[in-house]
Protein chains: 2
Amino acid sequence: MSDIELNDKKIQILEVAEKLFSEKGFEGTSIRDISKEAKINIAMVSYYFGSKERLLEALIFYKTVDLKLQLENLLNENLEPLEKVNKLIEIYVNRICLNKGIYRVLHFELYNKKREKSLKAFTELKKGNLKSVESIIKQGQDQGVFRKDITIPLITPTIIGTFFHFHMNRSFFEELLDLKTEEMFNNYIKNDLTKHIQQTIKALLVYEN
Amino acid sequence: MSDIELNDKKIQILEVAEKLFSEKGFEGTSIRDISKEAKINIAMVSYYFGSKERLLEALIFYKTVDLKLQLENLLNENLEPLEKVNKLIEIYVNRICLNKGIYRVLHFELYNKKREKSLKAFTELKKGNLKSVESIIKQGQDQGVFRKDITIPLITPTIIGTFFHFHMNRSFFEELLDLKTEEMFNNYIKNDLTKHIQQTIKALLVYEN
DNA sequence: GTTTAAATTAAACAAGTGTTTAATTTTGCA
DNA sequence: TGCAAAATTAAACACTTGTTTAATTTAAAC
């Protein structure tokens with residue numbers, strides 16, 4: 001069976017792996033954990049993916065392959081620069097929200113470790129994202145809507161970092177903001193948190209001293 | 001030996017543990033790894049801390065105990081609101097920079113895991129931090145310098161999240177911004193990144209529509 | 001229905017895990 | 001110097017880890 005081709009069983013394993021990796025980390029999750037949750041034999045992971053390490057690689061590829069496309073589509077839409085930025089933020093928040101687990105895995109299993117193949121794919125993804133952001137912001141600068149003394153590569157850290165930090169401290173904010181149900185938490189992200197990020201980036205981009 | 005009392009050997013173990021936990025994660029680091037790096041016998045960790053889990057608890061306490069104090073001191077300083085916010089950002093960046101490893105451990109080993117004792121200590125720390133931030137910003141609002149339609153609890157995620165995301169993608173930004181040495185990287189954080197965060201928060205706080 | 005490849009299984013493998021034990025060495029104090 | 005407490009050690013403990021093996025079942029093609 002090909003490395004890329006994904007049948008139902010492979011996908012099922014990947015979904016379970018994402019869930020467990022994000023909950024307990026890569027090292028903290030055993031193949032037996034995955035097998036149990038996915039209701040398959042322990043040998044099937046090696047059979048399908050070769051090793052636990054290659055399972056992680058497959059997972060990263062599987063979960064990041066279409067983000068690039070989504071951003072490139074945004075570029076070609078006919079929108080005002082600020083609207084584009086707001087939509088960009090929505091895409092980021094939405095995506096990380098949907099793929100809850102994988103971003104935690106990406107950032108924490110690829111940091112300071114020798115997973116060259118996975119790391120390279122992740123780096124390429126980030127480069128592509130940055131190009132899209134640059135393009136959008138330069139459009140706004142050319143139109144005289146955005147100020148020019150901003151460091152564009154630091155915009156993404158502010159967008160994703162704010163969301164990520166909020167998400168990583170989920171239980172703290174659940175208690176603080178009295179978000180009792182999963183639905184309330186997700187609604188807060190979709191409305192208030194997204195708005196806060198949009199407000200922040202807008203202030204940063206159009207502020208005049 | 002008391003739980004709290006820290007002799008040289010205990011501290012040596014904690015320092016090594018922080019380094020390895022931050023590099024390889026809690027589960028990814030074995031007691032034998034720690035022993036080897038700290039040049040002690042494997043039994044010494046259990047002897048001093050009781051267990052690997054309790055070692056983590058001790059580490060978190062050891063590394064967070066004085067941040068609270070630092071923030072409370074800032075409150076009483078005689079500074080303009082905006083200056084206080086800028087200094088707050090400097091304190092955060094500086095602290096996380098100095099304690100490189102522990103924040104990664106805090107956010108990723110306490111997320112979705114049942115480490116109640118450690119989690120509680122961390123939550124208390126965050127509550128205290130939030131109180132300091134609230135107090136500073138309300139001061140600025142009372143003086144009419146800061147706008148009032150902002151969500152204060154989301155300020156910290158933006159500050160720490162931006163820095164954290166930058167740090168978690170270190171190798172990406174090293175390549176992108178051509179930061180060849182450790183010194184250049186640290187200087188970029190101290191100057192450009194800190195300035196970006198300060199610029200962002202300032203824009204958010206004083207922007208008038 | 002037979003055949004061939006793919007899928008699935010239980011069992012075993014060696015290596016690594018956190019922790020405990022019991023013996024030995026070092027230390028500090030009378 | 002002598003002695004009790006603390007520190008340190010090597011060895012063993014039971015358990016979990018990722019991976020492989022070889023046998024069996026299922027599926028598809030002819």
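Labels below follow one simple rule: chain letters A, B, ... track the order of the sequence lines, proteins then strands, and each chain is numbered from 1. Small disclaimer: the values here were computed from a predicted structure and weren't measured. Only this structure's heavy atoms are used, side chains among them; waters, hydrogens and symmetry mates stay out.
- The shortest distance between side-chain heavy atoms of Ile40(A) and Tyr47(A) does not fall below 4.5 Å.
- Rounded to whole Å, atom P of dT17(C) lies 10 Å from atom NZ of Lys36(B).
- Looking at heavy-atom distances under 4.0 Å, Ser35(A) makes no contact with the nucleic acid at all.
- Following rounding to the nearest Å, Ile34(B) (CD1) and dT19(C) (P) show an atom-to-atom distance of 10 Å.
- The separation between Ile31(A) atom CD1 and dG18(D) atom C1' is 5 Å, rounded to whole Å.
- If you take NZ of Lys39(B) and C1' of dT8(D), they are 17 Å apart, rounded to a whole angstrom.
- Of the charged side-chain nitrogens involved, at least one lies within less than 4.0 Å of a carboxylate oxygen, so that Glu37(A) and Lys19(A) count as a salt-bridged pair.
- Using a 3.5 Å distance cut-off with no hydrogens or angles, the side chains of Thr200(B) and Thr158(A) do not pair a donor with an acceptor.
- Going from atom CD1 of Ile13(B) over to atom P of dG18(C) covers 14 Å, rounded to whole Å.
- Checked for salt-bridge contact, Lys127(A) and Glu175(B) meet the test: a charged N lies under 4.0 Å from a carboxylate O.
- Per the geometry, CZ belonging to Phe49(A) stands 12 Å off P belonging to dA7(C), to the nearest Å.
- For the pair Ser30(A) and dT17(D), the criterion of a side-chain N or O lying under 4.0 Å from OP1 or OP2 is met.
- Atom CE of Met44(B) is separated from atom P of dT25(C) by 16 Å (rounded to the nearest Å).
- Remark: aromatic rings of Phe185(B) and Phe166(B) are close, center separation under 6.0 Å.
- Two residues, Glu53(A) and Ile40(B), neighbour DNA chain D, and the one matched to the more 5' nucleotide by heavy-atom proximity is Ile40(B).
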* Asked: Reading nucleotides 20-27 of chain D from the 5' end, what letters show protein touch, with B for base, S for backbone sugar-phosphate only, - for no heavy atom under 4.0 Å?
  -> B-------
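- With hydrogens and angles ignored, no donor-acceptor pair under 3.5 angstrom links the side chain of Arg32(B) to the base of dG16(C).
- Salt bridge present: Lys63(B) and Glu15(B) bring a charged side-chain N and a carboxylate O closer than 4.0 Å.
- Computed from coordinates, the Lys52(A) NZ to dG18(D) P distance equals 4 Å when rounded to whole Å.
- Salt bridge absent: Glu124(B) and Lys68(B) never bring a charged side-chain N and a carboxylate O closer than 4.0 Å.
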